[in-house]
Amino acid sequence: MTRNRRNDSDGTNRTTSHGRAANQIVFLTGAGVSVPSGIPDYRSKNGLYAGKHNPEYLLSEACLANEPDVFYQFVTENMYYPDAKPNPIHLKIAEIGEEKNVTVVTQNIDGLHEAAGSKSVVDFHGSLYHCYCTKCGQTVPTETYLKSDSHQNCGGRVRPDVVLYGEGIAADAIQNAIQALQTADLVIIAGTSFKVSPFCNLIDYRNPKASVFAVNKENIFLPFPHTMIKADALQVFKKL
């Protein structure tokens, strides 16, 4: 049976005490971590998918292959937020990483954990800020991709290095995430409904002795004892 525990201070004190004792910490982060930076999540009322017909197709391998112009327009008009800055969640995680061995495994593709200063980041779904030509494989600056998806050197199509629907997760991302979880003594899930596979399945590889905390506006249900902090992650991390 899942055991959800809270205290009167929304779990912050308990999280802090575990954080002091822990040496190997893994943060599993989702879209809710970047919402305070002005980047919408995907499925909420005001999210990226709101009002879009078949939005998952627009971010699919099939759309890129069959309707590359449709894919390019959707991605460049809806996915990039060049003015977004790391918020207190990103900054607090990076700060903890200055004192502890911290690995961030994130669903986010916006690069804000790296921008905040986190050194060990597994971009599980890739990054919008690494673009490459599908014909010759050459890396292309993001600024160039935002102007055109045609590679001027060879005429190939340029795309961001993100995992699209219909594609698999990179093997090194899976390996690095699992390795970090197997050695962690504290796991903190933040800003995610934790329902998207295979990201949510990573928790199965955790060190069984690790303490697990979940911080999210909606309950996350896990099949083992953990602490659920039902709150805005931004407010919780500000108190850490």
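Here the structure is a predicted model, which is why all the values come from computation and not from measurement. Along the sequence shown, the residues carry numbers beginning at 1.
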Would you sort out whether Lys238 and Glu95 count as a salt bridge (charged side-chain N to carboxylate O under 4.0 Å, His left out), showing the intermediate values?
-> CA-CA 12 Å; Lys238 280 182 176 181; Glu95 179 185 328; over 6 Å; no
Please name the pair of heavy atoms, one in [X] and one in [Y], separated by the smallest distance, quoted to 0.1 Å.
{"X": "Gly156", "Y": "Cys133", "result": "CA-SG, 3.8 Å"}
{"X": "Val215", "Y": "Ala231", "result": "CG1-O, 4.3 Å"}
{"X": "Val105", "Y": "Ala177", "result": "CG1-CB, 3.9 Å"}
{"X": "Ile220", "Y": "Met228", "result": "N-SD, 3.3 Å"}
{"X": "Leu128", "Y": "Met79", "result": "CD1-O, 3.4 Å"}
{"X": "Ser118", "Y": "Ile93", "result": "OG-CG2, 4.0 Å"}

Shared hydrophobic cluster for [X] and [Y] (ILVMFWY, side-chain gaps under 4.5 Å):
{"X": "Ile203", "Y": "Val26", "result": "yes"}
{"X": "Ile25", "Y": "Phe213", "result": "yes"}
{"X": "Leu58", "Y": "Val163", "result": "no"}
{"X": "Ile109", "Y": "Val140", "result": "yes"}
{"X": "Val121", "Y": "Leu186", "result": "yes"}

Any side-chain donor-acceptor pair under 3.5 Å between [X] and [Y]?
{"X": "Asn201", "Y": "Ser197", "value": "yes"}
{"X": "Thr192", "Y": "Gln107", "value": "yes"}
{"X": "Asp161", "Y": "Ser127", "value": "no"}

For Glu98 and Lys119, what are the C-alpha separation, side-chain angles and deciding distance, and is it a salt bridge (charged side-chain N to carboxylate O under 4.0 Å, His left out)?
-> CA-CA 9 Å; Glu98 295 296 326; Lys119 302 297 191 298; 3.4 Å; yes
After noting the C-alpha distance and the side-chain angles of Glu56 and Tyr49, does the key distance pass the side chain to side chain contact (heavy atoms under 4.5 Å, CB included) rule?
-> CA-CA 8 Å; Glu56 293 186 355; Tyr49 290 170; 4.1 Å; yes
So, does Asp149 use its side chain to make a donor-acceptor pair with the main chain of Val158 at under 3.5 Å?
-> no
Would you find a donor on one side and an acceptor on the other, under 3.5 Å apart, between the side chain of Ser148 and the backbone of Thr144?
->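 No; zero donor-acceptor contacts below 3.5 Å.
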Tyr145 ring center within less than 6.0 Å of Tyr72 ring center = yes
Test of ring centre spacing under 6.0 Å for Tyr129 and Tyr80 |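 Ring centroids of Tyr129 and Tyr80 are less than 6.0 Å from each other.
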Within 45° cone of Phe71 ring axis and under 6.0 Å: Arg157 NZ or CZ =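 No, Arg157 and Phe71 do not form such a contact.
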With under 30° as parallel and over 60° as perpendicular, where do the rings of Phe27 and Phe237 fit, or are they tilted in between?
-> tilted
In terms of heavy-atom contacts, does [atom1] of [X] have more than 12 from other residues, nucleotides or ligands at under 6.0 Å?
{"X": "Lys217", "atom1": "NZ", "result": "no"}
{"X": "Gln182", "atom1": "CD", "result": "yes"}
{"X": "Gln152", "atom1": "CD", "result": "no"}

Show your reasoning for whether side-chain hydrogen bond (donor to acceptor under 3.5 Å, both in side chains) applies to His113 and Thr29.
-> CA-CA 10 Å; His113 281 297; Thr29 69; 3.0 Å; yes
May I have the step-by-step check of ring pair (Phe, Tyr, Trp, His ring centres under 6.0 Å) for Tyr57 and Tyr165, ending in yes or no?
-> CA-CA 7 Å; Tyr57 169 73; Tyr165 290 102; over 10 Å; no
